[in-house]
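Reading through the structure tokens given below for one structure.
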Amino acid sequence: MDAVFSQFDLVLKAFLLTLELFLLAGVLSLAFGTLLAAARVGPVAVLRRAAGLYVTLVRSTPLLIIFIFVFFGLPQMDIQLPFLVKGVVSLTFYTSSFVCEAIRSGINAVSVGQAEASRAIGLTFGQSMRYVVLPQALRAVVPPLASVLIALAKNTSVAAGFGLLEATARMRYFTNDQADARTWIFLTFAIGYIVIVELISAGAGSLERRWKVAR
């Protein structure tokens with residue numbers, strides 16, 4: 001245990017970077033995924049097809065390949081970004097496609113009559129989505145969205161292979177440096193990830209109960 005606790009500040013810094021990656025990519029994925037979902041059910045055929053193509057391509061591509069494209073492909077196109085931004089962009093590209101499909105399933109669960117009624121009173125498509133459809137859809141998809149965010153928290157570990165010293169990269173540093181304490185090092189970092197996942201689950205459960213009562 002001394003191998004970890006004697007340098008516990010490094011462990012905390014690593015998990016702070018993991019949380020930073022998770023929070024930034026999570027917020028951007030929720031925003032971009034919602035826009036994609038609106039485009040997929042919208043009246044503009046070009047946007048509907050483009051959003052569908054994006055989701056199909058990204059969901060079929062391993063996250064590691066997206067990381068390789070962002071970290072090594074973008075610089076060859078003269079697009080230079082800081083390492084943290086590259087990690088956030090990679091995770092956002094990937095996660096937003098799953099967010100899109102979760103929200104789209106919620107939109108499809110909303111009664112067609114709700115959308116028709118909103119159009120009957122003169123709301124545009126955007127106003128109908130914002131004030132009528134999306135609020136109901138989001139309440140219905142809290143559990144699948146929580147699963148997507150939990151997967152995102154664990155997917156931050158892929159950044160370890162691209163120079164970002166988040167939790168998995170720091171764990172590898174400790175195990176390489178102090179091989180005789182590997183069991184305790186693994187347990188310490190595993191507990192850290194479990195805490196993050198349980199916090200997301202608790203937040204989603206609380207939100208689901210609150211919205212259930214509100215209905």
Spacing of [atom1] belonging to [X] relative to [atom2] belonging to [Y], to within rounding of 0.5 Å:
X: L134; Y: S128; atom1: CG; atom2: OG; value: 9.0 Å
X: T175; Y: I185; atom1: OG1; atom2: CD1; value: 6.0 Å
X: E101; Y: T56; atom1: CD; atom2: OG1; value: 7.5 Å
X: L149; Y: S201; atom1: CG; atom2: OG; value: 10.0 Å
X: D78; Y: Q80; atom1: CG; atom2: CD; value: 7.0 Å
X: Y131; Y: L123; atom1: OH; atom2: CG; value: 8.5 Å

Before you tell me yes or no, could you show the steps for S147 and F98 under side chain to side chain contact (heavy atoms under 4.5 Å, CB included), namely the whole-Å CA-CA distance, both residues' side-chain angles and the distance that decides it to 0.1 Å?
CA-CA 10 Å; S147 296; F98 293 91; over 6 Å; no
Is there a path of hydrophobic side-chain contacts, each under 4.5 Å between heavy atoms, that joins [X] and [Y]?
X: Y173; Y: F83; value: yes
X: Y94; Y: V85; value: yes
X: V132; Y: I121; value: yes
X: L199; Y: V142; value: no
X: V27; Y: L16; value: no

Please name the residue in the list T61, V89, V158 that meets the side-chain contact (heavy atoms from CB on, under 4.5 Å) test with I66.
T61
Could you report the tightest heavy-atom contact between [X] and [Y], atom names first, then the distance?
X: R104; Y: A37; value: N-CB, 4.1 Å
X: S157; Y: Y193; value: CB-OH, 3.9 Å
X: A160; Y: R172; value: O-NH2, 3.1 Å
X: T156; Y: T18; value: OG1-CG2, 3.5 Å
X: C100; Y: R40; value: SG-CD, 3.7 Å
X: R59; Y: S97; value: CG-OG, 3.3 Å

Within a strict 4.5 Å, meaning less than it, do heavy atoms of the [X] and [Y] side chains meet?
X: L74; Y: K86; value: no
X: F15; Y: V11; value: yes
X: V133; Y: Q114; value: no
X: L84; Y: L17; value: yes
X: R210; Y: S206; value: yes
X: K13; Y: L165; value: no
X: L91; Y: L63; value: yes
X: F125; Y: V41; value: yes

Classify the ring geometry of F71 against F162: parallel below 30°, tilted from 30° to 60°, perpendicular beyond 60°.
tilted
What residues, two or more places apart in sequence or in another chain, satisfy side chain to side chain contact (heavy atoms under 4.5 Å, CB included) together with A153?
F22, I196, I200
Return yes when atom CZ of F93 has more than 12 non-hydrogen atoms of other residues, nucleotides or ligands closer than 6.0 Å, and no otherwise.
no
Apply side chain to side chain contact (heavy atoms under 4.5 Å, CB included) to the pair F32 and V99, showing each step before the final yes or no.
CA-CA 8 Å; F32 189 37; V99 170; over 6 Å; no
Go through M129 and I107 one step at a time and tell me if the side chain to side chain contact (heavy atoms under 4.5 Å, CB included) criterion holds.
CA-CA 9 Å; M129 290 295 292; I107 291 174; 3.6 Å; yes
Measure centre to centre between the rings of F67 and F72, then say whether the value is under 6.0 Å.
no
